[in-house]
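Only heavy atoms go into these numbers, but all of them, side chains included; no hydrogens, no water, no symmetry mates.
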Amino acid sequence: MAVVSEPSHARAAREAGVGLVVGITDVKTRAALETAGADRVLDDIGQLDLGGLAIDPWNLTFYGFDSVHEGHREALMVTGNGYVATRGAQGERTEGRIHYPGTYLAGVNDTASARSHGRTVREEHLVNLPNWLAFDLRIGAGSWWSEQTESALEEEVRRVDLRRGVLTRTAIVTDGIRRLRVTQTTFVSMRDRHLMMQETVLEPLEWAGKIDVRSGIDAHVRNSNAGTAARHLSRPRFTVHGDALTCEVTTRHSRVDVAFAVRQSAHGQIRRQNWIDTGTAGLLHLEAAVSPATPLRINKTAAIASSRDPAIDTAAAAALRHLDAVPPDRIRLRHEAAWQRLWERYGIEIDADPQSQAVLNLHVFHVLQAVSDHTPEGAGIPARGLHGEGYLGHVFWDELFVLPVLGLRNPQIARTQLDYRWNRLEAARAAAAEAGLPGARFPWQSGTDGTEQTPGALFNPRSHRWMPDHSARQLHVGLAVAYNAWQFYELTADLVWLADRGAELIIEVVRHFVAMAEHDPADGRFHIDGVMGPDEYHDGPPTAPGTGLRDNAYTNVMTAWSCRRALDALDRLRGHLADDLIARLDIRAEEREQWSLIATRMFLPLHGRGVISQFDGYDQLEEFDWNAYRSRYGNVERLDLILEAEGDTTNRYKVAKQADVLMLVYTLGVDVLTELLDELGYQADLHASLDYYLPRTSHGSTLSRVVTASVLAQLRPDESWPTFREALDADLDDTQGGTTRQGIHLGAMAGTVDLAVRSYAGLRTRNDELQFTPRLPAELRGASFRLHYRGQALEVHLDHARLTIRSHASSAPPIQVTVGDRSVALAPGAEHRFSLS
């Protein structure tokens, strides 16, 4: 392996036949290093996985072992199906500083108290469930694998087959004299949502003798992946049912019953086998004679169920029923066929560098494992997927980034996730009422019941102090709910859904923000006070931290946009559907007049020559010495923690943790935003705004580079690709220094997938049209993808010269497709080519 920083050095290493060439660089020289032959390009040497990593379009492979990056690997090697997911942990290892087995059921949360850095905190967590991967062995009368250090492994390769959703691990275990090859394949079925499988083959290398195996389920688990350490489960109850074992646990506060059923079959020269109940684990103990000619093969099938599942008696009975539902030899075939269908629908092919295609596939893979048609309504979209306990498994606003990916391919999944918000509308109304306001106030961090779960403090590991956390003031999460509801309607034209649920979500959010807006007779404008924007570096003026900001541009403009959509919804529902909605929600004529007024008279802070101010007073803050702090600290993405440790605060400076003003361009698009600002009576310069915020943003959130790359794609396409590449590598390289261990960043992964479609292809669903404004950078020679729009299944192929769209045969009505200033009515089964010259 060679580590280089110059393209000439990378070229020399490649010519010398070095097996792995790693480049350390900044975003500006990434492409040059890759062109010169670097296999991996990283921002920092700390991102280098010493065990070795390789990724091709359909395989993510880790070689050897690196204790520093093991948790990162476990998150990237998750196998799941949107209902249940399991981290790619080694079966012989239990929770500790290095390893963290984790299995999670979507929507199964529990609240518990735990000690954290000197204080007791009470939090709701996504619950870590018993570890069904538990597997241990010993050679002869030696020590168990679990009792040995990683030195017992002579070699190890772990590979995730993205196309088939299968994790394969190959390792050579040794007792110092004898060597045993262990091959394990693991997957969580994408076809049968309750089923999981693991196959293990044990092959002695040039020796014969006895081995012992213990394989089953370990219920001695807790939640400690995200800092605090809490136990959420009752004492396990193990029961043998013939050749199957059940493990039943109950969450302590939420009282959810979860049951596993496990069946194992062994093939080889079995001398003895029996079940062992240790009190915290249920294990099948096997003693077998092995030789090179007679290896031992163990097949483990596990089923999981919970009392949250529909149409069940008990979780244990349901798990046993699922275990018997599909013949074992059919489970993998059905699983792989399901993944094939998903890739046909969700796959995106880009004509660019191979690394970008590979990471894009990885991101699609993990999005589908976190949210699918198996995901129950009550789960929502946790910010870290089902991959770990980061952010405690809470639901933020990530559906803003995830739903465009899902909705454009399977609108039913988007509907289910909107139902997560719909079924918590009463909780949002209660939160608004508690604040003395009408409408609905959705929480920044949501859990099971839709109440606010945002912790009131954040521990700073730099200063070893607790910092106040005022991010619950990010009320713009409600505006994201309204936005997603309208986008779903535009995508499907489902008037019945709009009348029953969508319009009510939009209107209740609008009512809340309209009530917050105060009219100032001096300027004739409406102002909103006491909120935070997407940028979490500012929670109030420097003299009043935590009190919120006045006139956050993103919040104000999205409020104006939402007011228009509330009016549009009533217009689309004209007649009896609108009459019923107006009566049900008691919508008065003067209320609609107020929405119309705010839609044209909302205040927008500007400074300089048309730069949109992040909030009123942002331009009066102090400039920050970025060079000095980068020189002192290197990575300054978490500038809030750095400054707090110094006794300072980000509230004082013109800095941003993540894109805030630029979120307006990302969400609405240049054309819609420009029209809206014109109607508000403002002439903002989006290019000047981009120039202003780019050097002032630390990108402390993985979403930030996604947004920035999208905005660059719309305004300056040829400058977008390097930032897109940085966004792609956030989790693969764990660029935030250890956070991926707690779960992948689902919104960022989905956002990069969406970039290829909505940003580079310029796709928008608006005014009953499917609109394209392609903006391909030079590095992206072309792209192909599939989508569903208003009942039609479409294939889109584009390059710098043309865009071709083909519709599959169906009974859906024709749709309107617009590319630039040309528009056609596309019937099912038809194809049209648009010249982009």
Handout entry: L195 and M197: CA distance, side-chain angles, deciding distance, side chain to side chain contact (heavy atoms under 4.5 Å, CB included) verdict
Key = CA-CA 7 Å; L195 295 180; M197 289 198 77; 5.8 Å; no
Exercise for the section: Let me see the working for T168 and T185 under side chain to side chain donor-acceptor pair (under 3.5 Å), right down to the final yes or no. Expected result: CA-CA 4 Å; T168 301; T185 57; 5.6 Å; no
Handout entry: Any donor-acceptor N/O pair, Y104 side chain to L126 backbone, under 3.5 Å
Key = no
Problem - Close side-chain approach of L386 to Q369, heavy-atom, < 4.5 Å - result: no
Exercise for the section: Start with the C-alpha gap between F401 and Y666, add the side-chain angles, then the distance that decides, and say whether ring pair (Phe, Tyr, Trp, His ring centres under 6.0 Å) holds. Expected result: CA-CA 10 Å; F401 301 88; Y666 176 83; 5.3 Å; yes
Handout entry: Side-chain heavy atoms of M77 within contact of R169, under 4.5 Å
Key = no
Handout entry: Polar side chain donor-acceptor pair, R725 to S356, under 3.5 angstrom
Key = yes
Practice task
Spell out, as yes or no, whether a donor-acceptor pair under 3.5 Å connects the side chain of N484 to the backbone of A480.
Solution key: yes
Practice task
State whether the side chain of N361 and the backbone N or O of V364 hold a donor-acceptor pair below 3.5 Å, judged by distance alone.
Solution key: no
Practice task
Please tell me if the side chains of L690 and R716 come closer than 4.5 Å, counting only heavy atoms from C-beta onward.
Solution key: yes
Problem - Side-chain heavy-atom pair T86, L133 within 4.5 angstrom cut-off - result: yes
Handout entry: Heavy-atom donor-acceptor pair, T752 side chain to M749 backbone, under 3.5 Å
Key = yes
Handout entry: Heavy-atom pair of closest approach, residues L780 and A352
Key = CD1-CB, 4.2 Å
Exercise for the section: Would you name the heavy atoms of L406 and V371 that are closest together and state the gap between them? Expected result: CD1-CG1, 3.5 Å
Fill in the blank from the handout: To the nearest 0.5 Å, atom CD of Q736 lies from atom OG of S701 at 6.5 Å
Completion exercise
Taken to the nearest 0.5 Å, the spacing of S759 OG from L776 CG works out to 11.5 Å
Exercise for the section: Would you mind reporting whether V84 and M196 have side-chain heavy atoms less than 4.5 Å apart? Expected result: yes
Exercise for the section: Say whether S720 and Y760, considering side chains only, have a donor N or O and an acceptor N or O under 3.5 Å apart. Expected result: yes
Problem - Results of side chain to side chain donor-acceptor pair (under 3.5 Å) for Y420 - residues two or more places apart only - result: S446
Problem - For the student: nearest non-hydrogen atoms of T667 and R764, plus distance - result: O-NH1, 3.0 Å
Handout entry: Donor-acceptor under 3.5 Å (T375 side chain, G82 main chain)
Key = yes
Handout entry: Test: E490 and R790 ion pair at under 4.0 Å
Key = yes
Problem - Short N-O contact, E399 and R421, less than 4.0 angstrom - result: yes
Handout entry: Main-chain N/O of L167 paired to D161 side chain as donor or acceptor, under 3.5 Å
Key = no
Practice task
Determine, stepwise, if the pair D731 / T740 fulfils side chain to side chain donor-acceptor pair (under 3.5 Å).
Solution key: CA-CA 6 Å; D731 277 319; T740 302; 2.7 Å; yes
Problem - Side-chain (D535) to main-chain (Y537) donor-acceptor, under 3.5 angstrom - result: yes
Side chains of residues 337-344: which donor-acceptor pairs under 3.5 Å do they make with residues two or more places apart or in other chains?
from, atom 1, to, atom 2, distance (Å)
W343, NE1, L162, O, 3.0
W343, NE1, R163, O, 3.4

Exercise for the section: Answer yes or no: is there a side-chain heavy-atom contact under 4.5 Å between L668 and M558? Expected result: yes
Completion exercise
Tightest non-hydrogen contact, residues A659 and S704, listed as N-OG, 3.1 Å
Problem - Euclidean distance, D729 CG relative to T702 OG1, rounded to 0.5 Å - result: 12.5 Å
Fill in the blank from the handout: CZ (R73) and CZ (F65) are apart, to the nearest 0.5 Å, by 7.5 Å
Exercise for the section: Measure the shortest side-chain to side-chain distance between H99 and E74 over non-hydrogen atoms and say whether it is less than 4.5 angstrom. Expected result: yes
Exercise for the section: First locate atom CH2 of W58, then atom CG of D56, and finally report the distance between them rounded to the nearest 0.5 Å. Expected result: 10.0 Å
Handout entry: Charged N-O contact under 4.0 Å between R87 and E389
Key = no
Problem - Considering all heavy atoms, the nearest P101-N128 contact - result: O-ND2, 3.4 Å
Fill in the blank from the handout: Between the NE2 atom in H476 and the OH atom in Y483, the distance rounded to the nearest 0.5 Å is 15.0 Å
Exercise for the section: Under the side chain to side chain contact (heavy atoms under 4.5 Å, CB included) rule, what do L400 and M663 come out as? Steps first, then yes or no, please. Expected result: CA-CA 11 Å; L400 185 70; M663 275 296 303; 3.7 Å; yes
Problem - Donor-acceptor contact present, side-chain H800 to main-chain P777, <3.5 Å - result: yes
Fill in the blank from the handout: Between P774 and L798 the two heavy atoms that sit nearest each other are CB-CD1, 3.8 Å
Practice task
Could you walk me through whether T739 and H745 pass the side chain to side chain contact (heavy atoms under 4.5 Å, CB included) test, one step at a time?
Solution key: CA-CA 9 Å; T739 62; H745 296 78; 3.3 Å; yes
Exercise for the section: Any chance you could lay out the side chain to side chain contact (heavy atoms under 4.5 Å, CB included) test for I381 and L746, step after step, and finish with the verdict? Expected result: CA-CA 9 Å; I381 299 179; L746 184 59; 3.5 Å; yes
Exercise for the section: Please list, chain by chain and in numerical order, all residues satisfying side chain to side chain donor-acceptor pair (under 3.5 Å) with T186, sequence neighbours excluded. Expected result: Q198
Handout entry: Set of salt bridge (charged side-chain N to carboxylate O under 4.0 Å, His left out) partners for R766, sequence neighbours left out
Key = E675
Exercise for the section: For residues I331 and R334, determine if any side-chain heavy atom of one lies less than 4.5 Å from a side-chain heavy atom of the other. Expected result: no
Problem - Sidechain N-carboxylate O distance under 4.0 Å for K657, D640 - result: no
Handout entry: H335 side chain vs M190 backbone, donor-acceptor pair below 3.5 Å
Key = yes
Completion exercise
Sorted by chain and residue number, the side-chain contact (heavy atoms from CB on, under 4.5 Å) partners of H808 (sequence neighbours excluded) come out as A793, E795, R806
Handout entry: Over 12 foreign heavy atoms within 6.0 Å of CZ, F365
Key = yes
Problem - By ring pair (Phe, Tyr, Trp, His ring centres under 6.0 Å) - contacts of H366 (at least two apart) - result: H387
Practice task
State whether the side chain of N410 and the backbone N or O of Q412 hold a donor-acceptor pair below 3.5 Å, judged by distance alone.
Solution key: yes
